[in-house]
Amino acid sequence: MAGLFDDEYVQYAARQLLDGHEVNLSAKRLAELKGLLTDNHFTLSKGQRFWLNPQGKEYIKRQLAQAKPIGVSDPELDIQQLNIHLPEQVNQHVLQALLKKDAKKKLDEADRQRLIEVDIKVTKDDILRLRSAHGFSLYLRQGSLLDLSSVFALSDECILSERLLTTVTKLLPGDVAFTHVITVENLGAFIEIELKPQCLFIYAPGNNTRLAELLVGMLPANISWVHFGDLDQAGIDIGLRMAANLARPYKPLLPRNLHDIAVRYGRPVESRKPELEQNKRGKLPWQTAKLNPELAARLAPLIEQDLWLEQEVIVMCL
């Protein structure tokens with residue numbers, strides 16, 4: 001049956017199956033492959049989606065080893081032949097689709113090095129959300145000034161694209177200078193936190209703090225940085241990681257009445273007690289070795305009772 005697997009279309013589908021993917025085999029060119037696999041009970045299926053069982057994987061592996069190698073395509077040549085001209089910045093998924101022929105397949109180090117050599121920058125194209133009680137301006141690399149005063153006069157929130165943010169070199173205050181910048185981990189808390197004079201609030205989701213760190217890194221050291229996240233070990237770890245990236249001291253935002261909030265809204269961290277398993281939501285125990293003595297003392301109402309707090313509760317108590 002090696003002849004069947006000499007076909008490029010069949011070979012591609014076979015390799016997808018071998019990699020563990022579910023593949024639609026309803027195409028006419030795959031009819032023979034589908035019949036071969038199903039007749040020999042090499043697959044499992046759901047509708048038109050098929051995937052290989054262990055015996056099927058072994059069979060496909062043997063057949064591909066015997067098949068005529070398909071010429072490896074050259075993505076760069078394909079791009080040239082299609083007359084595609086890439087700009088200086090290109091979204092990573094577009095580049096992955098062009099270079100890997102799969103928008104979800106990550107670029108490897110060799111790909112990234114080639115892009116650097118031809119001066120093409122890979123962008124993730126995230127956005128950065130900011131809130132402030134007053135306006136300010138951004139000084140851009142090309143020498144222009146972006147005045148955001150009119151935006152903040154209409155709304156207390158502004159959204160910047162990653163591509164714009166990477167051209168910003170400095171934040172210039174308006175009539176009121178900032179004394180504090182507060183990064184907020186969760187969106188609900190970011191939207192609901194009460195704005196304070198001289199404070200800039202930045203949405204910094206815990207799994208993607210890159211753009212927030214970029215903007216905070218532009219601010220002078222005399223503007224104090226404070227991080228507001230869940231009061232649990234994972235939330236503290238995020239703040240500590242950001243502090244290390246920013247080379248700034250870690251200052252978590254804590255409510256003055258932490259004990260009273262903990263009594264009413266504290267939730268148990270991971271425990272062996274069955275009655276607590278329903279409420280732990282995967283939270284890990286406190287790791288006091290990671291905390292300096294001052295922070296451990298301030299978090300004592302939670303640590304001593306093996307509790308944690310969601311910032312969505314804390315935000316309404318500040």
Q. In Å, rounded to the nearest 0.5 Å, how long is the span from CG of Asp237 to CD of Gln233?
A. 4.5 Å
Q: Output every pair passing salt bridge (Lys or Arg N to Asp or Glu O under 4.0 Å) with a member in residues 176-197, not counting sequence neighbours, ordered by first then second residue.
A: Glu194-Lys196
Q) Linking I/L/V/M/F/W/Y whenever their side-chain heavy atoms sit closer than 4.5 Å, directly or via other members, would Met218 and Val216 fall into one cluster? A) yes
Q. Under 3.5 Å, side chain of Asp19 to main-chain N/O of His21, donor-acceptor pair present?
A. no
Q. Is the Tyr59 ring parallel, tilted or perpendicular to the Phe42 ring (thresholds 30°, 60°)?
A. parallel
**Q.** Any donor-acceptor pair under 3.5 Å from Thr209 side chain to Ala212 backbone
**A.** no
(Q) Check whether Arg131 reaches the backbone of Ile191 with its side chain - one donor and one acceptor, N or O, closer than 3.5 Å. (A) yes
Q: To the nearest 0.5 Å, tell me how far Cys317 SG sits from Asn257 CG.
A: 6.0 Å
Q: Apply ring pair (Phe, Tyr, Trp, His ring centres under 6.0 Å) to the pair Phe136 and Phe152, showing each step before the final yes or no.
A: CA-CA 9 Å; Phe136 55 89; Phe152 284 105; 5.3 Å; yes
Q: Indicate the atoms forming the closest heavy-atom contact of Cys158 with Val151, along with that distance.
A: CB-CG1, 4.0 Å
Q. Has the side chain of His180 got a donor or acceptor atom that lies under 3.5 Å from a matching backbone atom of Cys199?
A. no
Q: Step by step, work out the side-chain contact (heavy atoms from CB on, under 4.5 Å) result for Leu254 and Leu299.
A: CA-CA 9 Å; Leu254 302 178; Leu299 292 172; 3.9 Å; yes
Q: Return the minimal non-hydrogen interatomic distance between Ala177 and Gln198, and the atom names on each side.
A: O-CG, 3.3 Å
Q: Decide, yes or no, whether a salt bridge links Arg114 with Glu76 under the criterion of side-chain N to carboxylate O below 4.0 Å.
A: yes
(Q) Can you classify the ring geometry of His227 versus Tyr250 as parallel (below 30°), tilted (30 to 60°) or perpendicular (above 60°)? (A) tilted
(Q) Please tell me whether Arg15 and Gln11 have a donor and an acceptor in their side chains that are separated by less than 3.5 angstrom. (A) yes
(Q) Donor-acceptor pair, distance only, cut-off 3.5 Å: does the side chain of Ser132 make one with the backbone of Leu200? (A) no
Q) Hey, is CG on Asp175 packed in by over 12 heavy atoms from elsewhere, all under 6.0 Å? A) no
Q) Counting only heavy atoms not in Met316, do more than 12 sit closer than 6.0 Å to its CE atom? A) no
Q.
Regarding Asp108 and Lys100, does a basic nitrogen lie under 4.0 Å from an acidic carboxylate oxygen?
A. yes
